[in-house]
Amino acid sequence: MSDYCIYLKLPSYLRQWFIHRHSGEEPVNLRRGSIESKMLQRATVPLPDNCIPNRKQDGETAVCIPYSKSHDPRTYNHITATGKRALISRIKDDFDLDLWDYLHDFGKIGKQQKDLIYLFMEQRGIVEDGTCWDSIAKIYQRLRKNYLTNICKKTKRLERRK
């Protein structure tokens, strides 16, 4: 990895999950070959002439720019706002997939949902700070609602074909 970093503003739960998933420490060293690593290599550009390098702000997560012979971080060490949005969106999508994969097998889990989300958080390195559990529960409920809505639509289409 290089000594060059970009800085991402992530919600607390997502920041902790992202750090735990890749290196367990900050600055985050992305796993070689991960989609985030490839995306970051594509999103970084040479620093424009009239631009000052970004410095880490409060609440931002430092991510090391991966080294590549064809994309040297000494040259390609700036990320545009569009590149940041795309990378953050990818991280959120990966979190949603991980959460859904972990919880969807339990179906109607009712009262156990609280404990299962806490277990998910514990296993993914997410420490409760007063907002994490609520945020994760809301994300799961949205995913579940979308899933059930799509199942209903699919069932209705199949019934009309018969």
Side-chain angles (χ1 to χ4, degrees), residues 1-48 51-68 70-73 75-105 113 116-151 153-154:
M1 286 294 140
S2 71
D3 293 331
Y4 294 91
C5 294
I6 58 137
Y7 306 100
L8 303 174
K9 181 80 170 168
L10 301 170
S12 178
Y13 71 91
L14 192 59
R15 181 185 155 282
Q16 294 178 63
W17 174 85
F18 181 64
I19 291 170
H20 182 266
R21 180 172 188 225
H22 284 281
S23 62
E25 53 191 45
E26 196 175 346
V28 176
N29 289 309
L30 299 173
R31 287 180 300 176
R32 193 169 210 37
S34 70
I35 191 71
E36 294 94 343
S37 175
K38 291 177 182 180
M39 187 175 241
L40 186 54
Q41 280 186 330
R42 297 273 167 97
T44 50
V45 295
L47 186 67
C51 193
I52 299 170
N54 292 330
R55 298 284 178 227
K56 185 176 179 182
Q57 304 296 318
D58 286 340
E60 290 186 329
T61 305
V63 180
C64 291
I65 300 171
Y67 177 79
S68 167
S70 63
H71 209 82
D72 191 334
T75 303
Y76 298 92
N77 53 22
H78 178 72
I79 188 167
T80 63
T82 305
K84 272 189 183 182
R85 282 193 305 274
L87 185 57
I88 290 170
S89 179
R90 178 74 242 173
I91 294 167
K92 286 179 179 177
D93 288 347
D94 287 347
F95 177 84
D96 289 353
L97 287 171
D98 189 25
L99 179 65
W100 180 253
D101 188 47
Y102 188 84
L103 292 176
H104 85 279
D105 285 337
Q113 178 181 3
L116 290 171
I117 291 174
Y118 277 121
L119 185 61
F120 171 83
M121 290 169 57
E122 181 182 294
Q123 292 177 358
R124 301 310 193 271
I126 302 170
V127 177
E128 178 59 67
D129 64 1
T131 62
C132 292
W133 188 91
D134 290 334
S135 298
I136 293 170
K138 287 176 185 175
I139 290 168
Y140 176 67
Q141 290 304 323
R142 270 192 303 260
L143 292 171
R144 189 169 183 274
K145 181 182 175 187
N146 288 341
Y147 173 75
L148 294 175
T149 301
N150 289 335
I151 291 294
K153 286 179 183 177
K154 189 175 183 179

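Throughout, residue positions are numbered sequentially from 1 according to the sequence presented.
The pair D98-R21 does not count as a salt bridge, with every side-chain nitrogen at least 4.0 angstrom from each carboxylate oxygen. Between R31 and E36, no side-chain nitrogen of the basic residue sits less than 4.0 Å from a carboxylate oxygen of the acidic one, so the salt-bridge criterion is not met. A salt bridge is absent between K92 and D96: the closest approach of a Lys/Arg side-chain nitrogen to an acidic carboxylate oxygen does not fall below 4.0 angstrom.
In this structure, E26 contributes its side chain and I19 its backbone to no donor-acceptor pair below 3.5 Å. Side-chain atoms of K84 do not come within 3.5 Å of backbone N or O of K9 as any donor-acceptor pair. Judged by distance alone, with hydrogens and angles left aside, the side-chain atoms of T149 form a donor-acceptor pair with the main-chain N or O of K145 at under 3.5 Å. Checked by atom type and distance alone, the side chain of H22 never pairs as donor or acceptor with a backbone atom of V28 at under 3.5 Å. Within the 3.5 Å criterion, the main-chain N or O of R55 finds a donor-acceptor partner in the side chain of Q57. Looking only at distances, a side-chain donor or acceptor of S135 sits under 3.5 Å from a matching main-chain atom of T131.
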| said: side-chain contact (heavy atoms from CB on, under 4.5 Å) for Y13 and I139? Distances and angles first, verdict last. | reply: CA-CA 11 Å; Y13 71 91; I139 290 168; 3.1 Å; yes
| message | Between Q141 and Q113, is the side-chain hydrogen bond (donor to acceptor under 3.5 Å, both in side chains) condition met? List the steps. | response | CA-CA 10 Å; Q141 290 304 323; Q113 178 181 3; 3.1 Å; yes
| field | Criterion side-chain contact (heavy atoms from CB on, under 4.5 Å) on S68 and D72, from CA distance to verdict | value | CA-CA 6 Å; S68 167; D72 191 334; over 6 Å; no
| field | Stepwise side-chain contact (heavy atoms from CB on, under 4.5 Å) test for Y102 and L119 | value | CA-CA 10 Å; Y102 188 84; L119 185 61; 3.1 Å; yes
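Other residues, nucleotides and ligands place no more than 12 heavy atoms under 6.0 Å from the NZ atom of K38.
Nearest heavy-atom pair across I65 and L40 is CA-CD2, 3.9 Å. Closest of all the heavy-atom pairs between L47 and C51 is CD2-O, 3.8 Å. Looking at every heavy atom in both residues, D129 comes nearest to S12 through OD2-OG, 2.6 Å. For the residue pair Q41 and P66, the shortest heavy atom distance occurs at NE2-O, 3.9 Å. Of all heavy-atom pairs between H71 and T44, the closest is NE2-OG1, 2.9 Å. Shown here for Q16 and C132, the closest heavy-atom pair between the two residues is NE2-SG, 3.7 Å.
When the options I91, L8, T61 are evaluated for a side-chain contact (heavy atoms from CB on, under 4.5 Å) with R15, the one that passes is T61.
Residues Y140 and F120 keep their aromatic ring centres 6.0 Å or farther apart. Annotation: W100 is in aromatic contact with Y147 [ring centroid separation under 6.0 Å].
For the pair L97 and D101, the minimum side-chain heavy-atom distance is 4.5 Å or more.
Distance OH/Y4 to OH/Y76: 14.0 Å, rounded to 0.5 Å.
A search for salt bridge (Lys or Arg N to Asp or Glu O under 4.0 Å) contacts involving E60 returns nothing, not counting sequence neighbours.
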